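Position 1 is the first residue of the sequence; numbering continues from there. Being a predicted model, the structure only gives us computed values, none of them experimental.
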Amino acid sequence: MSQTVRLTATVTPDDEGWYVARCLQVEVTSQGRTVDEALANLREALELFYEDEPIPEAEQQPIVAPIEIRLSA
(Lines give C-alpha, C1' and ligand atoms only; values in the text may rest on other atoms or scores of the structure.)
Protein backbone atom coordinates (compact mmCIF):
# COMPACT_ATOMS: atom_id res chain seq x y z
CA MET A 1 0.00 0.00 0.00
CA SER A 2 1.41 3.39 -0.94
CA GLN A 3 0.67 6.74 0.64
CA THR A 4 1.37 10.25 -0.57
CA VAL A 5 2.76 12.79 1.91
CA ARG A 6 3.12 16.48 1.03
CA LEU A 7 6.32 18.10 2.33
CA THR A 8 7.93 21.49 1.72
CA ALA A 9 11.39 22.00 0.24
CA THR A 10 13.64 24.97 -0.33
CA VAL A 11 16.21 25.05 -3.12
CA THR A 12 19.23 27.34 -3.05
CA PRO A 13 22.29 27.59 -5.29
CA ASP A 14 25.67 26.93 -3.71
CA ASP A 15 29.04 28.51 -4.52
CA GLU A 16 30.09 25.68 -6.85
CA GLY A 17 27.16 25.79 -9.30
CA TRP A 18 25.04 23.09 -7.63
CA TYR A 19 21.56 23.45 -6.15
CA VAL A 20 20.85 22.31 -2.59
CA ALA A 21 17.32 21.09 -1.77
CA ARG A 22 16.26 20.90 1.89
CA CYS A 23 13.08 19.52 3.40
CA LEU A 24 11.64 21.86 6.03
CA GLN A 25 9.77 19.21 8.03
CA VAL A 26 12.68 16.78 8.55
CA GLU A 27 16.47 17.07 8.44
CA VAL A 28 16.95 15.68 4.92
CA THR A 29 19.00 17.48 2.27
CA SER A 30 20.20 16.62 -1.24
CA GLN A 31 21.71 18.38 -4.22
CA GLY A 32 21.82 18.38 -8.00
CA ARG A 33 23.22 20.28 -10.96
CA THR A 34 19.74 21.70 -11.72
CA VAL A 35 16.74 22.62 -9.56
CA ASP A 36 14.79 19.67 -10.98
CA GLU A 37 17.66 17.27 -10.30
CA ALA A 38 18.06 18.57 -6.74
CA LEU A 39 14.33 18.08 -6.07
CA ALA A 40 14.34 14.60 -7.63
CA ASN A 41 17.33 13.64 -5.48
CA LEU A 42 15.60 15.05 -2.39
CA ARG A 43 12.45 13.08 -3.20
CA GLU A 44 14.51 9.88 -3.41
CA ALA A 45 16.34 10.69 -0.15
CA LEU A 46 13.02 11.34 1.63
CA GLU A 47 11.55 8.08 0.37
CA LEU A 48 14.59 6.25 1.75
CA PHE A 49 14.38 8.22 5.02
CA TYR A 50 10.75 7.19 5.54
CA GLU A 51 11.56 3.51 5.01
CA ASP A 52 12.94 3.56 8.59
CA GLU A 53 10.93 6.40 10.13
CA PRO A 54 7.21 6.64 10.89
CA ILE A 55 5.13 8.58 8.40
CA PRO A 56 3.90 11.86 9.90
CA GLU A 57 0.35 11.58 11.24
CA ALA A 58 -0.74 15.07 10.27
CA GLU A 59 0.59 17.12 7.42
CA GLN A 60 1.75 20.28 9.16
CA GLN A 61 2.91 22.83 6.67
CA PRO A 62 5.64 25.16 7.90
CA ILE A 63 5.23 28.90 7.77
CA VAL A 64 7.74 30.24 5.26
CA ALA A 65 8.48 33.93 5.71
CA PRO A 66 11.33 36.22 4.71
CA ILE A 67 13.06 38.13 7.49
CA GLU A 68 15.45 41.06 7.40
CA ILE A 69 18.35 41.55 9.76
CA ARG A 70 20.61 44.52 10.31
CA LEU A 71 24.36 43.94 10.18
CA SER A 72 26.99 46.28 11.54
CA ALA A 73 29.40 47.61 8.94
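Not a single donor-acceptor pair under 3.5 Å links the side chain of Asn41 to the backbone N or O of Glu44.
Inter-residue side-chain proximity for Cys23 and Thr29 is flagged as unmet; no heavy-atom pair is nearer than 4.5 Å. Ile69 has its side chain within reach of Leu71: a pair of non-hydrogen atoms, C-beta onward, lies under 4.5 Å apart. Counting heavy atoms from C-beta on, the side chains of Arg22 and Val20 come closer than 4.5 Å. A 4.5 Å side-chain heavy-atom check between Gln61 and Thr8 finds at least one atom pair inside the cut-off. Inter-residue side-chain proximity for Tyr50 and Leu7 is flagged as met; some heavy-atom pair is nearer than 4.5 Å.
Linking Ile, Leu, Val, Met, Phe, Trp and Tyr residues whenever their side-chain heavy atoms come within less than 4.5 Å places Ile55 and Phe49 in a single cluster.
Taking all atoms of both residues into account, the shortest heavy-atom contact from Ala38 to Ala21 is O-CB, 3.6 Å. The two residues Tyr19 and Val11 have their closest heavy-atom pair at CB-CG1, 3.9 Å. Closest approach of Ala45 to Val28, counting heavy atoms only: CB-CG1, 3.8 Å. Looking at every heavy atom in both residues, Arg33 comes nearest to Glu37 through N-OE2, 2.9 Å.
If you take CD on Glu47 and CG on Leu42, they are separated by 10.0 Å, rounding to the nearest 0.5 Å.
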